[in-house]
Engineer: 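Got a structure here, written out as structure tokens. Questions coming.
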Amino acid sequence: MKIIAADVIVTSPSRNFVTLKITTDEGVTGLGDATLNGRELAVAAYLTEHVVPLLIERDPHRIEDTWQFLYRSAYWRRGPVTMAAIAAVDMALWDIKGKVAGMPVYQLLGGASRTALQTYGHASGRDIPELFDSIRQHLEEGYKSIRVQTSVPGIKALYGVAAQAQATGERYDYEPAGRGPQPAEEDWDTRAYLRHVPTVFEAVRNEFGPEIPLLHDGHHRMTPIQAAKLGKSLEPYDLFWLEDCTPAENQDAFRLVRQHTTTPLAVGEVFNTVFDFQTLIREQLIDYVRAASTHFGGISPLKKVMDYAAQYQIKSGFHGPTDVSPVGLAAQTHLGLAIHNFGIQEYMEHSEATNTVFEQSMTFADGFLHPGDKPGLGIELNEEAAASFPYQQAYLPYNRLADGTVHDW
Ligand code: EZ4
Ligand code: CO
């Protein structure tokens, strides 16, 4: 079997997605997700200009060899653009292998280690009553674990609070990149945030009791000592995890956080390769691997990092916002079903428009996700629907402090 074509499809049903479709001489096709939120066209160009020509005539069954070839032959390693492009190829080849074998991809990865994947949903609110309503709604829909984000008095606009969406009757901010020629500017005040967050978790525990696993995303906005302080102040509320409490370009930062708190830590949604996790895993500085198959080079390297993490009792918590397309989500759902050290899967339902473009065998019921049993990844791209949602320029927001300094958002 040979690859005879590879097409890059850019579509924008509620938000932008970049999809690679590989076609073989036997008519089998495979899909891969190459979406890099806010920088989509860079990956589309990397694929079209530099990767697609290299794929033609190759044997689609040689997944590992193709991955190593694309990673090593480029010479210039790593980075989100390169790794999202390689991820799309890797996923598409797993999709093809599954279709040829007549098996869902999780069977090729070792078979199911569980019946389905426990997920967590995103509850948010501008104030406590709005947050409680959002938590109740998620519980009614079957979610068993809940991420909690709220507005903070003194901060006007805050990432993760679906205020704008809720005001217009939408469930989530589907991007959260805003469409338009400039990123939205938001504000930030760490001291106000650190004072407020424990009071929110206290209120949630008082209202909903001790059992529900609760999660929180710090979105890289704290210094290590501020992160340590937050982890410590949240200990009474028994979090499932505190995510991205501080940036991890410097992995040593987590040593400091870890020394001070028993709140479980999750990190890695912006990581590209196993090297970003090397110290964090070996020194047991984290509890959950947040990488997404799409931004980590695909299913193959994500399986390897999870096998490495297993030695240290570290589990998966793969990144699953709506900017990971249904193809990327399916890829990591197959992997999550197969690996022993699965932890939890983030799940933020895609919009109706997105689901029209990406037809899926994946199911979500009673808080659990399953990739379905169709051969391959179980996603079909409706190309006609895709064409009806043309690309729209979009940027993620960013923060400035009161004195005008740019800050992590
Ligand atoms: O801001 O995926 O945990 N989830 C997150 C996400 C990220 C977006 C960036 O594209 O932090 O919502
Ligand atoms: Co996050």
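Scope of the values below: all heavy atoms of this structure, side chains included, with no hydrogens, waters or symmetry mates. FYI, the numbering just counts along the sequence from 1. In listed order, ligands and their atoms are each counted from 1.
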Engineer: Would you say the ring centroid of Phe132 lies under 6.0 angstrom from that of Phe208?
Structural biologist: yes

Engineer: Can we call the ring centroids of Tyr308 and Tyr312 under 6.0 Å apart?
Structural biologist: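 Yes; Tyr312 has its ring centre under 6.0 Å from that of Tyr308.
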
Engineer: Would you please indicate if the ring centroids of Tyr398 and Trp409 are separated by under 6.0 Å?
Structural biologist: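 No, they do not, as the ring centres are separated by 6.0 Å or more.
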
Engineer: Under 4.0 Å from a heavy atom of Arg147: which atoms of ligand 1 are those, numbered in the order shown and with their elements?
Structural biologist: 3 (O), 4 (N)

Engineer: Suppose I only count heavy atoms of Asn37 and a 4.0 Å limit; which atoms of ligand 1 are within that range?
Structural biologist: 9 (C), 10 (O)

Engineer: Please could you name the atoms of ligand 1 that Asp217 approaches to less than 4.0 Å, counting only its heavy atoms?
Structural biologist: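 Per the distance check, 3 (O), 4 (N), 5 (C), 11 (O).
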
Engineer: Using the Co ion (ligand 2) as the vertex, how large is the angle between OD2 of Asp217 and OE1 of Glu269, rounded to 10 degrees?
Structural biologist: 180°

Engineer: For ligand 1, which atoms have a heavy atom of Pro321 less than 4.0 angstrom away?
Structural biologist: 2 (O)

Engineer: Counting backbone and side-chain atoms alike, is an N, O or S atom of Asp244 positioned under 2.8 Å from the Co ion (ligand 2)?
Structural biologist: no

Engineer: Closer than 4.0 Å to some heavy atom of Arg290 - which atoms of ligand 1 meet that?
Structural biologist: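 Answer for ligand 1: 3 (O), 4 (N).
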
Engineer: If the threshold is 4.0 Å, N to carboxylate O, is there a salt bridge linking Lys304 and Asp307?
Structural biologist: no

Engineer: Decide ring-ring contact (aromatic ring centres under 6.0 Å, His included) for Tyr120 and His138; before the verdict, give the C-alpha distance in whole Å, the side-chain angles of both, and the deciding distance to 0.1 Å.
Structural biologist: CA-CA 9 Å; Tyr120 72 89; His138 281 84; over 10 Å; no

Engineer: With heavy atoms only and a cut-off of under 4.0 Å, state how His122 meets ligand 1: side chain, backbone, both or neither.
Structural biologist: neither

Engineer: Quick check on Met348 - does any of its heavy atoms sit under 4.0 Å from an atom of ligand 1?
Structural biologist: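 Outside the 4.0 Å threshold, so no.
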
Engineer: Do any N/O atoms on Glu269 end up under 3.5 angstrom from N/O atoms on ligand 1?
Structural biologist: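 So ligand 1 has an N or O lying under 3.5 Å from an N or O of Glu269.
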
Engineer: Does the plane of the ring in Phe358 sit parallel, tilted or perpendicular to the ring in Phe17? Use 30° and 60° as the thresholds.
Structural biologist: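 The arrangement is perpendicular - the two ring planes meet at more than 60°.
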
Engineer: Against heavy atoms of Trp409, which atoms of ligand 1 measure under 4.0 Å?
Structural biologist: 1 (O)

Engineer: Does Glu211 come within less than 4.0 Å of Lys144, counting only side-chain N to carboxylate O?
Structural biologist: no

Engineer: How are the rings of Trp188 and Tyr193 set relative to one another: parallel (under 30°), tilted (30 to 60°) or perpendicular (over 60°)?
Structural biologist: tilted

Engineer: Output the atom name for the N/O/S atom of Glu243 with the smallest distance to the Co ion (ligand 2).
Structural biologist: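 Restricting Glu243 to its N, O and S atoms, the minimum distance to the Co ion (ligand 2) goes to OE2.
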
